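Working notes, structure below.
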Amino acid sequence: LTELAKRLHATVISGIVEDRLDPKHFWNFAIGIGPDGAPLGRYDKVRRVDPRNVPAIHALTELHLAGGDYDKAVIVMEAFLAEADDIEAKKNTLRQLARLYEVELRDMHKATERLEQLAALDSDDDDVLAQLRDLHERTGNEAKLADILDLELRPTHRRDAARDAPLLE
C-alpha cells in the first residue's frame, strides 16, 4: 500500500473505533455519511492530512453540494485551487466554482472573478468568453464587456470552424 492509502485506512479504522460505528453503517461511513445522513468529516480529515488528495476533495465537495451546503463546498474548492498544480484540474474547478457562485450563491462578482481566472489560463476557450460576456451584460459592466468582445474579434483568437460555419451561411 502507498503511504496515502495507509493514512486513509488508518483514518477510517480510527473513526470506526473512536465513533463506535455500527458495522452495518460501514459503507456510509466509508463514503463520509453517518447513520443520520450527516457528513462525518472523514474526507475533511484526509484533505487536511493530504491537501492534494483529489478523490477526497471531490468526495467532500459532492457531500457539501448534495446537502446544499454551498458555502462549505466553496471553501473546499478554493482550498484545492490554492494547492493544485494540475492546470486541467484548476480549470475544471474554476468552471465549477463560477457556476456555483452564479447559480446557487447569486454572487456575480465572484463568478466573474473565477471566469476571468479561467480565461487567463485558456484565453481561447469560447465557452468561457461567452459566459463572461453574458455575466458582464447582466451586471451592466460595459467596460469589461467591451474587452471580451474585443478579445473575441481579434484575428489571433482561435475559433471553432464548426461553430462559425452557421454564421457564414
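Since we're looking at a predicted model, the values are computed, not measured.
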Can you list the residues that meet the salt bridge (Lys or Arg N to Asp or Glu O under 4.0 Å) rule with [X], with sequence neighbours excluded?
X    : value
E88  : K91
E62  : none
D147 : none
D150 : R154

Can you tell whether the side chains of R95 and D122 come within less than 4.0 Å, N to carboxylate O?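 Here R95 does not pair with D122 in a salt bridge, since their nearest N and O are not under 4.0 Å apart.
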Linking I/L/V/M/F/W/Y whenever any side-chain heavy atoms sit under 4.5 Å apart, do V128 and L121 land together?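 Cluster IDs for V128 and L121 match.
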For D85, all residues meeting side chain to side chain donor-acceptor pair (under 3.5 Å), sequence neighbours excluded: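 With neighbours one apart ignored, the set is R52.
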Pair L97-L81, side-chain contact (heavy atoms from CB on, under 4.5 Å): steps then yes or no: CA-CA 10 Å; L97 269 171; L81 278 177; 3.4 Å; yes
Closest non-hydrogen atom pair, L65 against A73: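 Distance-wise, the nearest heavy atoms are CD2-CB, 3.7 Å.
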Shortest non-hydrogen separation from Y101 to A111 and the atoms involved: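 Heavy-atom minimum between the residues: CB-N, 3.7 Å.
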Sorted by first residue and then second, give each salt bridge (charged side-chain N to carboxylate O under 4.0 Å, His left out) pair with at least one member in residues 100-113; sequence neighbours left out.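 For residues 100-113, and leaving out neighbouring residues, the salt bridge (charged side-chain N to carboxylate O under 4.0 Å, His left out) pairs sorted by first residue read E102-R138.
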With rounding to the nearest 0.5 Å, note down the distance linking [atom1] in [X] to [atom2] in [Y].
X    : Y    : atom1 : atom2 : answer
T139 : D134 : OG1   : CG    : 9.5 Å
R114 : L100 : CZ    : CG    : 11.0 Å
N141 : L135 : CG    : CG    : 10.0 Å
H136 : M108 : NE2   : CE    : 12.5 Å
L115 : R133 : CG    : CZ    : 12.5 Å

Please say which of K72, M77, E78 ends up in a side-chain contact (heavy atoms from CB on, under 4.5 Å) with V74.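 The side-chain contact (heavy atoms from CB on, under 4.5 Å) with V74 is passed solely by E78 among K72, M77, E78.
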Any chance NZ of K90 has more than 12 other-residue heavy atoms, nucleotides or ligands included, within less than 6.0 Å?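 Yes, enclosed.
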